[in-house]
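Have a look at the structure below, then the notes.
The first residue of the sequence shown is numbered 1, and numbering continues consecutively from there.
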Amino acid sequence: MSSPPAAGHKEGVGETHQADLKTVKTEAVAAGAAGQITITVTSQTFADAYFVIKPGVKLRRLLDFYCRKHSLDHDTVKFIDDEGRFVRADQTAVQVGLKDGGSISLAIDQQGGACICMKLES
């Protein structure tokens, strides 16, 4: 049982009925995703990040955004594709061979760590 319309309002104007609603999200995603691929960036220390990109666009934007998001210096990390090859920022997804659902792994570049122990003579 519905309540009577408020003063000055007509019955049925401005109301939304369940039968009037259509599922447009699926159509919008399908139309907007044409020509785009989803790339996953995985890391040992951070949660996986998903990016939707155009295959012909350079990966610089994606890599820079990921580094900014996680406060990483771009010079201290390496990005590696599924086959173990390094991914450079000036390459595109097509050049790297990434397809829809592909992934890029993040490796933190570590320099040094070797201990050079010298015996001091006293």
Side-chain angles (χ1 to χ4, degrees):
M1 183 173 183
S2 64
S3 60
H9 291 282
K10 295 181 182 178
E11 180 77 30
V13 175
E15 294 180 7
T16 304
H17 296 284
Q18 191 66 24
D20 295 336
L21 299 177
K22 297 179 182 177
T23 306
V24 294
K25 185 175 182 180
T26 306
E27 295 170 6
V29 169
Q36 295 181 340
I37 59 173
T38 303
I39 303 294
T40 307
V41 179
T42 59
S43 170
Q44 292 178 334
T45 55
F46 303 111
D48 291 357
Y50 299 92
F51 296 94
V52 178
I53 62 170
K54 293 180 181 177
V57 174
K58 295 198 183 289
L59 294 172
R60 179 174 308 283
R61 289 178 57 194
L62 181 146
L63 303 179
D64 287 346
F65 180 80
Y66 187 87
C67 288
R68 278 194 313 272
K69 180 180 178 183
H70 295 291
S71 300
L72 297 169
D73 182 12
H74 196 285
D75 295 331
T76 62
V77 294
K78 301 291 183 200
F79 293 95
I80 304 168
D81 69 358
D82 292 333
E83 297 177 8
R85 296 176 301 204
F86 289 111
V87 175
R88 294 188 319 270
D90 63 339
Q91 292 178 307
T92 65
V94 173
Q95 292 171 334
V96 175
L98 292 171
K99 296 187 179 4
D100 191 29
S103 67
I104 298 174
S105 299
L106 173 81
I108 297 176
D109 192 25
Q110 204 169 357
Q111 301 219 352
C115 177
I116 301 175
C117 300
M118 296 173 45
K119 185 176 180 182
L120 297 175
E121 295 181 32
S122 349

Next on the checklist: Do Phe65 and Leu72 sit in one hydrophobic cluster, given that two such residues count as connected whenever their side-chain heavy atoms are within less than 4.5 Å of each other, even indirectly?
Outcome noted: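 Phe65 and Leu72: one cluster.
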Checklist entry - Which distance, rounded to the nearest 0.5 Å, do you find between the CG of Asp64 and the NZ of Lys69? => result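 Atom-to-atom, Asp64:CG and Lys69:NZ are 14.5 Å apart.
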Checklist entry - Can you tell me how far the CD atom of Gln95 sits from the CG atom of Leu59, to the nearest 0.5 Å? => result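 The distance works out to 8.5 Å.
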Checklist entry - Passes side chain to side chain contact (heavy atoms under 4.5 Å, CB included), Val41 versus Leu62? Steps please. => result CA-CA 9 Å; Val41 179; Leu62 181 146; 3.9 Å; yes
Checklist entry - Mind checking what makes ring-ring contact (aromatic ring centres under 6.0 Å, His included) contact with Tyr66, not counting sequence neighbours? => result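 Partners of Tyr66 by the ring-ring contact (aromatic ring centres under 6.0 Å, His included) criterion, ordered by chain and then number, come out as His70.
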Search all heavy atoms of [X] against all heavy atoms of [Y] and return the closest pair with its distance.
X	Y	value
Ala93	Ile37	CB-CD1, 3.7 Å
Phe79	His74	CE1-NE2, 4.3 Å
Cys67	Val77	SG-CG2, 3.8 Å
Gly35	Pro55	O-CD, 3.0 Å

Contacts table for residues 96-108: side-chain donor-acceptor under 3.5 angstrom, sequence neighbours left out:
from	atom 1	to	atom 2	distance (Å)
Asp100	OD1	Thr38	N	2.8
Ser103	OG	Asp82	OD1	2.6
Ser105	OG	Thr42	OG1	3.4

Which pairs would a plain distance check flag for residues 45-53, meaning a side-chain donor or acceptor within less than 3.5 Å of a matching protein atom at least two apart in sequence or in another chain?
from	atom 1	to	atom 2	distance (Å)
Thr45	OG1	Ser43	OG	3.3

